[in-house]
Amino acid sequence: MNKMSNATYSIIIGLAGVVFAALALFAYFSGRNALIFVGMGIFVAVTMTMTSLNARQRAAARAERNPS
């Protein structure tokens, strides 16, 4: 399994937030309000994916440390 640090997951989620904010501002000032929802969907997808991958990695590390 690919082992990324917790900081990597946080950085990816943070960058997705910055991209969403930029897209939301562009959508607001250009009048294309549908882009806000597209950006929100992308941000939620990235956040949920990174959170899930991080949780899976932590569970694998915990199982490796404490074999039952």
Under 3.5 Å, which donor-acceptor pairs link side chains of residues 13-20 to any protein atom two or more places apart or in another chain?
none

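Going from atom CG of L23 over to atom CD1 of I36 covers 8.0 Å, rounded to the nearest 0.5 Å. Separating the CZ atom in F43 from the CE atom in M48 is a distance of 11.0 Å, to the nearest 0.5 Å.
Looking at heavy atoms from C-beta onward, Q57 lies out of side-chain contact with N6 at the 4.5 angstrom threshold.
Every side chain to side chain contact (heavy atoms under 4.5 Å, CB included) that F26 has, sequence neighbours left out, goes to S30, R32, L35. Applying the side chain to side chain contact (heavy atoms under 4.5 Å, CB included) test to R65 and every residue at least two apart in sequence or in another chain returns R62. By the side chain to side chain contact (heavy atoms under 4.5 Å, CB included) test, I12 pairs with T8, V46, M50, sequence neighbours left out.
What you find for F37 and N33 is that their closest heavy atoms are CD1-O, 3.6 Å.
Without hydrogens or angle criteria, T49 side chain to A45 main chain gives a donor-acceptor distance under 3.5 Å.
When the side chains of ILVMFWY residues are joined at heavy-atom separations under 4.5 Å, either directly or via intervening members, Y28 and I42 end up in two distinct hydrophobic clusters.
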